[in-house]
Structures are given as structure tokens and as C-alpha cells.
There are 6 protein chains.
Amino acid sequence: MDDWLPSLITTTPAEGYDLAIKLARVTIKKTQPDAAMRDRLRPAYAEDADSLIAVSQVVATHFATVAAANDYWRGTP
Amino acid sequence: MDDWLPSLITTTPAEGYDLAIKLARVTIKKTQPDAAMRDRLRPAYAEDADSLIAVSQVVATHFATVAAANDYWRGTP
Amino acid sequence: MDDWLPSLITTTPAEGYDLAIKLARVTIKKTQPDAAMRDRLRPAYAEDADSLIAVSQVVATHFATVAAANDYWRGTP
Amino acid sequence: MDDWLPSLITTTPAEGYDLAIKLARVTIKKTQPDAAMRDRLRPAYAEDADSLIAVSQVVATHFATVAAANDYWRGTP
Amino acid sequence: MDDWLPSLITTTPAEGYDLAIKLARVTIKKTQPDAAMRDRLRPAYAEDADSLIAVSQVVATHFATVAAANDYWRGTP
Amino acid sequence: MDDWLPSLITTTPAEGYDLAIKLARVTIKKTQPDAAMRDRLRPAYAEDADSLIAVSQVVATHFATVAAANDYWRGTP
């Protein structure tokens with residue numbers, strides 16, 4: 001996974017948001033490397049409102065970082 | 001959904017707040033793409049005090065990002 | 001509710017704190033627009049220590065934003 | 001309670017930490033104004049490890065704000 | 001406890017991290033001053049995975065503050 | 001463990017992310033120094049969706065710090 005994160009810079013805010021989602025998910029892959037186990041866990045959060053909100057919180061934290069890295073895409077028209 | 005977030009810049013703080021709510025919700029849509037499932041989950045958080053507080057926390061985190069992007073709307077009269 | 005947040009600037013830190021509380025509450029109003037339902041939920045958090053702490057966390061996050069917007073009221077005597 | 005927060009500036013980091021604790025507690029007072037109720041809730045968090053950790057999280061968030069306001073007390077010897 | 005936090009400046013990042021742990025713990029001491037009670041609570045979090053993660057979150061928040069105070073120890077070789 | 005964190009500076013964002021994971025884990029080692037106990041706790045979070053999300057939140061907070069320390073690796077090609 002060495003090359004999974006070449007840069008925090010993205011062209012648009014929407015791409016930055018997708019990067020934030022990726023940043024949130026990688027911790028889970030690195031903490032639980034067993035893909036089959038992760039698949040079994042997926043319904044536990046994708047079908048639970050509180051888990052979805054918690055995922056949203058992690059993404060919000062990463063999005064803050066990505067947005068700052070991109071100077072909030074202020075130069076984007 | 002490619003064009004859902006053209007910019008973090010808003011005219012007023014209130015619009016920035018609405019953008020923060022949108023930013024919080026999109027993670028849930030992207031994590032649980034099944035709209036019918038999301039509709040079933042809605043009462044679980046809209047009628048639960050702790051879930052509403054958790055949603056509020058996510059929005060607060062995104063609002064911090066949007067506010068910084070807009071230099072806190074200091075130029076707004 | 002269009003005009004509920006004209007500015008993040010406040011005269012004093014105490015007013016900034018009250019604004020942070022308001023910012024925390026508005027998400028709940030926008031997520032659960034039914035006022036009667038919100039009234040029914042109120043005891044669930046106002047009489048629960050962990051819910052009160054969670055509300056306090058949301059306010060802390062918004063207060064950080066409001067304080068930064070006001071340059072920490074450093075010019076206040 | 002109008003004059004409870006005249007400034008975020010403190011002389012020392014330790015005083016700034018105490019201010020962060022105060023900032024965390026005021027939300028609870030404002031959300032649950034009934035002092036007798038708050039007294040009943042106190043054992044629920046002061047004798048529960050997870051509640052104490054959650055209080056610590058709120059204080060950490062406020063301490064970040066107070067520390068930034070004081071430029072991290074870098075001029076303090 | 002007046003002199004427990006003379007400064008946020010540390011010589012190395014590792015010392016800054018230890019300071020963050022200390023900052024996390026002091027809230028618990030100040031909220032639950034009874035040392036015997038704190039000792040009784042210790043197994044409840046030191047032997048519970050979710051509590052340990054929550055402690056780790058508080059430390060992360062304080063570490064952000066300490067790291068900023070030290071300009072991220074950029075001058076450290 | 002004195003030399004475990006010589007610097008927050010990393011060559012690439014991916015290395016910075018790994019450092020954030022390390023920063024998240026060290027609190028757990030320092031709070032629960034018994035390695036056998038930590039091994040017993042591991043399934044409790046590595047096989048629980050909410051715990052994995054919580055770990056992800058801690059890493060997100062540390063990643064924000066590491067990214068800021070590295071000026072978001074803006075000079076990285």
C-alpha cells in the first residue's frame with residue numbers, strides 16, 4: 001500500500017471529499033487486514049444510523065485536513 | 001455526484017452552515033448508497049437525542065472548515 | 001430561518017459562547033423539524049449526564065470556530 | 001451569567017486549563033439549569049470511567065482554543 | 001496543583017506526547033478528586049478496548065495543541 | 001520508549017499516515033502497559049465495526065497534526 005497516498009492536493013473540493021473518505025477507510029484496512037472479516041463487519045455499520053454518523057465524523061476530520069492542504073480550493077472558479 | 005461541491009465559498013454564514021449539513025450527509029449517502037435503507041434508518045436518528053447530538057457534532061466539524069474557507073465571513077456587513 | 005446567523009462576530013467572549021450554543025442547537029432543529037418531537041426528546045438529554053457532556057462537546061467545537069472568527073477577542077479589555 | 005467570561009487570556013497555562021474546564025461546565029449549566037438535577041447527575045459521570053474520559057475530551061477541545069488565544073503562552077518563562 | 005503546567009514547550013516530540021497524556025489525565029483528577037475512587041475506576045478503562053481508544057482520542061486532541069505550541073518541533077534535528 | 005518519536009516530519013503523506021497510526025497506538029500501550037492484556041483486548045476492537053471507526057477517528061486527529069507539521073507535503077511532487 002506504499003503508493004496509496006501520493007499527495008493531499010486535489011483539483012476540486014469534491015475530489016478532496018472523496019480523498020477524505022479514503023483516508024477514513026484506510027485505518028480500518030490497516031487495523032483489520034482480513035478482508036473477509038471486514039466484509040462481515042460492513043452490515044454492522046452500513047445499516048446502523050449511529051455507525052454511519054460516526055463514519056461521517058471521521059470523514060469530517062479528514063476533510064478539514066485535506067481542505068487546509070488545498071487552501072480551501074480558493075483559486076477554484 | 002461529481003458536481004455536488006463546486007466550492008466551499010458561500011455568501012453568508014447561514015449558507016455556510018447549510019453547506020456543513022450537506023457535507024455531513026454526503027458521507028452517509030456514499031457509505032450507504034441504498035436510499036430505501038437510508039429512509040428506514042432515518043427514524044433511528046431523527047427521534048433519538050444522542051444521535052441528533054452526534055449529527056450536530058459532525059456539522060460542527062464541517063462548519064469549522066467552511067468558516068475557515070470563508071475567512072469567517074469577516075467582510076460580511 | 002434564513003437570517004438566523006448574520007455574522008460570527010460578537011462583542012464579548014460570553015456572547016460568542018452563547019452563539020456556539022445556538023450553532024449546536026440549529027442542527028437539531030434542521031434534522032428534526034417537528035417541535036413536538038424535539039420537546040419529547042429533551043428530557044432524554046437534559047437529564048442524562050452523557051448526553052449533556054456530548055452537547056458540551058459540540059458547543060466546544062463551535063466555540064473554537066467563533067473564537068477564531070473573533071481573533072479570540074484579544075482586543076477586548 | 002453575563003460576566004462569567006470576560007476574556008480568554010490567562011497568565012499561565014495552568015490557569016488556561018482551569019478556564020477550559022469552566023468552559024466545558026457552563027454548557028451543562030445552560031442546558032440543564034436545574035441545580036438539583038445537576039447534583040443528581042453528578043455521580044453518573046464522576047463515578048463512571050467513560051463519562052470522565054468524555055469530560056476530558058471536551059476540556060481538551062476548549063484547551064486548544066484557550067491555548068491558541070494565548071499564543072500558547074510562549075512568552076511565559 | 002498550581003504549578004503542574006509551567007509551559008507547553010518541550011524539548012522533543014516524545015516529551016510533548018507525554019505532556020499530552022498528562023493533560024488528558026488532569027481533567028479526570030479535577031473532576032473526580034477522590035483518589036480511591038479513581039483507582040476503582042481504572043480497570044474499567046484500562047481493560048476495555050473502547051475506553052482505551054477514547055483515552056487515545058483525548059490524547060490526540062491535546063497532542064495537536066502541544067505540537068502547535070512547539071511549532072511541531074521543526075527545529076529538532 | 002524514549003526515542004520512539006524523533007520527529008513529526010515524514011518524506012511522504014503515506015508515511016505521515018503511518019506515523020498517525022503509531023501515535024494513536026502509543027497511548028494504548030502507555031495506558032495499558034501489560035502486553036498480554038492488550039492482546040486479549042485486540043479482538044474486541046479489530047472485530048467490532050464501531051471500535052474500528054473510533055480508531056479511525058483517533059488516527060484522523062493525529063493525521064491532521066502530522067500533515068500540518070509537514071506543511072501538507074505541498075513540496076512533494
Side-chain angles (χ1 to χ4, degrees), chain A residues 1-11 16-17 19-75, chain F residues 4-5 7-32 35 37-77:
Chain A
M1 282 187 67
D2 287 297
D3 214 21
W4 69 277
L5 185 62
S7 170
L8 297 184
I9 306 305
T10 68
T11 306
Y17 192 92
L19 178 55
I21 292 178
K22 184 177 178 183
L23 287 161
R25 288 182 180 161
V26 170
T27 300
I28 293 174
K29 282 191 197 166
K30 293 201 174 208
T31 307
Q32 178 48 270
D34 180 344
M37 172 63 78
R38 289 201 307 271
D39 285 346
R40 281 197 298 278
L41 294 176
R42 191 174 163 77
Y45 68 85
E47 298 173 13
D48 181 278
D50 290 330
S51 299
L52 287 168
I53 296 166
V55 169
S56 186
Q57 180 67 51
V58 180
V59 171
T61 304
H62 278 304
F63 185 65
T65 303
V66 173
N70 287 277
D71 197 22
Y72 306 101
W73 301 277
R74 281 179 185 134
Chain F
W4 69 277
L5 185 62
S7 170
L8 296 184
I9 306 305
T10 68
T11 307
T12 65
E15 287 175 23
Y17 193 92
D18 288 339
L19 178 55
I21 292 178
K22 184 178 177 183
L23 286 162
R25 288 182 180 163
V26 169
T27 300
I28 293 174
K29 281 191 197 166
K30 292 199 174 211
T31 307
Q32 178 47 271
M37 172 64 78
R38 289 201 308 272
D39 285 345
R40 281 197 299 277
L41 294 176
R42 190 173 165 78
Y45 68 85
E47 298 173 12
D48 181 278
D50 290 330
S51 299
L52 286 168
I53 295 166
V55 168
S56 187
Q57 181 67 52
V58 181
V59 171
T61 304
H62 278 304
F63 185 65
T65 303
V66 173
N70 286 278
D71 197 23
Y72 305 101
W73 300 277
R74 281 180 184 133
T76 306

Q: Go through the steps for F:Tyr72 and A:Thr65 under the test side-chain hydrogen bond (donor to acceptor under 3.5 Å, both in side chains), then give the verdict.
A: CA-CA 8 Å; F:Tyr72 305 101; A:Thr65 303; over 6 Å; no
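- Two residues are said to be in side-chain contact when any heavy atoms from C-beta on lie closer than 4.5 Å; A:Thr27 and F:Tyr17 meet this criterion.
- Note that CD of F:Glu15 and CG of A:Leu5 are 11.0 Å apart. Values are rounded to the nearest 0.5 Å.
- For residues 52-66 of chain F, there are no salt bridge (charged side-chain N to carboxylate O under 4.0 Å, His left out) pairs, not counting sequence neighbours.
- Legend: residues meeting side-chain contact (heavy atoms from CB on, under 4.5 Å) with F:Ala54, ordered by chain and number and at least two apart, are E:Ile53.
- Contacts of residues 55-62 of chain A with chain F at a heavy-atom distance below 4.5 Å involve A:Val55, A:Gln57, A:Val58, A:Thr61, A:His62, listed in sequence order.
- The salt bridge (charged side-chain N to carboxylate O under 4.0 Å, His left out) test applied to F:Asp71 returns F:Arg74, not counting sequence neighbours.
- Looking at F:Leu52, the atoms closer than 4.5 Å to chain A (heavy atoms on both sides) sit in the backbone and in the side chain alike.
- If you tally non-hydrogen atom pairs under 4.5 Å between each of A:Leu8, A:Ile9, A:Asn70 and chain F, the highest count goes to A:Leu8.
- The minimum heavy-atom distance linking F:Ile21 with A:Lys30 is given by the pair CD1-CD, 3.6 Å.
- How far CD of F:Glu47 is from CG of A:Asp34: 8.5 Å, rounded to the nearest 0.5 Å.
- Both the backbone and the side chain of F:Ala46 have a heavy atom closer than 4.5 Å to some heavy atom of chain A.
- If you measure heavy-atom distances from A:Ala68 to chain F, the contacts under 4.5 Å come from both the backbone and the side chain.
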